[in-house]
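Reviewing the structure listed below.
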Amino acid sequence: MAFTREELIKAVSGQMPEKRWRHTEGVMASAVELAERFGADPVKADLAALLHDVAKYWPIEQQAAVIRDNADKGLNQELLEHDKQLLHSEVGAFVAERDYGVTDREVLDAIRYHTSGRIGMTKLDKIICLADYIEPGRDFPGVDTIRDLAKNSLEEALVSGFDSTISFLLQQRKIIFPMTMFARNDLIKQLNEAKRAQAAKG
């Protein structure tokens, strides 16, 4: 990667309001803490967290154009039919690779899926998604429960986070992005399988 961490911080922080940068700093700190707690790479967690909202404050039309114009590179066109808040994750991963030279697929995927989740989330996917929910600046009903669950289980905490998001969308009568439902159900399957395996051991 051609950019140092300090250069990336300067580049990314310059593209968003100060309040959002403080959120990004919170996600970075939470992601590193979770990585150390659950045995992931803290350097990758820090990098993915630093870049996760890099495109958040781009105009929506600019974000949509990046997705539309790069269908041949595999950018998810289905996102264009859903909530515009989902676009920045896909664009962020694209920009991290194109503009900042990030080539680590694990890091790029953690940026790409930090809002929606996906079936088969990697440990780094889970960490960035969860850090985005629980960073110290977050304040929404149920966030303390998610923080408590995150002390012991990435999966339990993420299910709680997705449930919170889905409940909010249901109350607002908004369309739920299918990948988020699939991600939530897949995490529950993982938890159930882990419980069965534990029970089999006695």
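Side chains included, hydrogens not; waters and symmetry mates left out as well; all remaining heavy atoms used. In this chain, residues are counted from 1 in sequence order.
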Practice problem: Compare every heavy atom of A96 with every heavy atom of I111, then report the nearest pair and how far apart it is. | Solution: CD1-CB, 3.9 Å
Quiz item: Side chains of E90 and F94: does their closest heavy-atom pair fall under 4.5 Å?
Solution: no
Quiz prompt | Pair H88-Q63, side-chain donor/acceptor within less than 3.5 Å | solution = no
Exercise. Check whether any side-chain heavy atom of R112 sits under 4.5 Å from a side-chain heavy atom of R105, and report yes or no.
Key: yes
Practice problem: Starting from the C-alpha separation in whole Å, work towards a yes-or-no answer on side chain to side chain contact (heavy atoms under 4.5 Å, CB included) for E7 and Y100. | Solution: CA-CA 10 Å; E7 288 169 338; Y100 300 110; over 6 Å; no
Quiz prompt | Within-4.5 Å side-chain heavy-atom neighbours: I146 and L130 | solution = yes
Quiz prompt | Flag if over 12 foreign heavy atoms under 6.0 Å of CD1, I175 | solution = no
Quiz prompt | Pairwise side-chain contact, L124 with D41, heavy-atom cut-off 4.5 Å (strictly under) | solution = no
Quiz item: Do K56 and Q85 have side-chain atoms, one donor and one acceptor, less than 3.5 Å apart?
Solution: yes
Self-check item: Donor-acceptor pair between W21 and Q15 side chains, under 3.5 angstrom
Solution: no
Quiz item: Are side-chain heavy atoms of Q190 and D186 found at a separation under 4.5 Å?
Solution: yes
Quiz item: Do F162 and V27 share a hydrophobic cluster (ILVMFWY, side-chain heavy atoms under 4.5 Å, transitive)?
Solution: no
Self-check item: Residues which pass side chain to side chain donor-acceptor pair (under 3.5 Å) with D83, listed by chain and number, not counting sequence neighbours
Solution: none
Quiz item: Does any donor atom in the side chain of S30 or Y133 lie under 3.5 Å from an acceptor atom in the other side chain?
Solution: no
Quiz item: Can you get from L80 to L75 by hopping between Ile, Leu, Val, Met, Phe, Trp and Tyr side chains that sit under 4.5 Å apart?
Solution: yes
Quiz item: So do H82 and L87 actually touch side chain to side chain, heavy atoms under 4.5 Å?
Solution: no
Self-check item: Check against side chain to side chain contact (heavy atoms under 4.5 Å, CB included), V95 and W58
Solution: CA-CA 11 Å; V95 167; W58 289 21; 3.3 Å; yes
Quiz item: Are the charged groups of R147 and D144 less than 4.0 angstrom apart, N to O?
Solution: yes
Self-check item: Cationic N near anionic O, under 4.0 Å, E193 to K189
Solution: no
Self-check item: Salt bridge E61-K84, side-chain N to carboxylate O under 4.0 Å
Solution: no
Quiz item: Does a donor on one side chain and an acceptor on the other come within less than 3.5 Å for E156 and N152?
Solution: no
Quiz prompt | E135 side chain to G137 backbone, donor-acceptor under 3.5 Å | solution = yes
Quiz item: In this structure, are over 12 heavy atoms from other groups packed under 6.0 Å from F168 atom CZ?
Solution: no
Exercise. For the residue pair T115 and F177, establish whether any side-chain heavy-atom pair is separated by less than 4.5 Å.
Key: no
Quiz prompt | Same apolar cluster: L50 and V102, side chain cutoff 4.5 Å | solution = yes
Practice problem: Could you grab the distance from atom CD1 of I9 to atom CG of L51, nearest 0.5 Å is fine? | Solution: 10.0 Å
Self-check item: Donor-acceptor pair between D148 and T145 side chains, under 3.5 angstrom
Solution: no
Quiz item: Got T180 and L169 here, is their nearest side-chain heavy-atom distance under 4.5 Å?
Solution: no
Self-check item: Between OG on residue S89 and CD1 on residue I128, distance to nearest 0.5 Å
Solution: 11.5 Å
Quiz prompt | From CA spacing to verdict: side chain to side chain contact (heavy atoms under 4.5 Å, CB included), M121, E155 | solution = CA-CA 10 Å; M121 292 177 80; E155 292 77 16; over 6 Å; no
Self-check item: Gap separating the CG atom of L34 from the CD atom of E36, nearest 0.5 angstrom
Solution: 9.5 Å
Quiz prompt | Connected via hydrophobic side-chain network under 4.5 Å: L149 and V143 | solution = no
Quiz item: For D72 and D69, which heavy atoms make the closest approach, and how far apart are they?
Solution: OD1-O, 4.0 Å
Self-check item: Carboxylate-amine/guanidinium proximity below 4.0 Å for E18 and R22
Solution: yes
Self-check item: Atom of A48, atom of A110 and distance for their closest heavy-atom approach
Solution: CB-CB, 4.1 Å
Quiz item: How many angstroms lie between atom CD of E33 and atom CD1 of I127, to the nearest 0.5 angstrom?
Solution: 11.0 Å
Practice problem: Assess whether atom CZ of F38 is packed by more than 12 heavy atoms of other residues, nucleotides or ligands within 6.0 Å. | Solution: yes
Quiz item: Any idea which heavy atoms bring A150 and R37 closest together, and the distance?
Solution: O-NH1, 2.8 Å
Quiz prompt | H23 side chain vs R20 backbone, donor-acceptor pair below 3.5 Å | solution = no
Practice problem: For side chain to side chain contact (heavy atoms under 4.5 Å, CB included), just list the numbers for I67 and N76, CA-CA rounded to whole Å, side-chain angles, deciding distance to a tenth of an Å, and then say yes or no. | Solution: CA-CA 7 Å; I67 292 175; N76 187 353; 5.9 Å; no
Practice problem: Taking only Lys NZ, Arg NE, NH1 and NH2, and the carboxylate oxygens of Asp or Glu, determine whether D109 and R118 approach each other closer than 4.0 Å. | Solution: yes
Practice problem: Start with the C-alpha distance between D125 and T122, add both sets of side-chain angles, then the distance that settles side chain to side chain donor-acceptor pair (under 3.5 Å), and finish with yes or no. | Solution: CA-CA 5 Å; D125 289 351; T122 66; 3.2 Å; yes
Quiz prompt | Non-hydrogen atoms of A49 and T24 that approach each other most closely | solution = O-CG2, 3.7 Å
Quiz item: At their closest point, which heavy atom of F140 faces which heavy atom of S164, and how far apart are they?
Solution: CE1-OG, 3.7 Å
Quiz prompt | Rounded distance (nearest 0.5 Å) linking atom NZ of K44 with atom CG of L108 | solution = 10.5 Å
Quiz item: How many angstroms lie between atom NZ of K126 and atom CG of L158, to the nearest 0.5 angstrom?
Solution: 7.5 Å
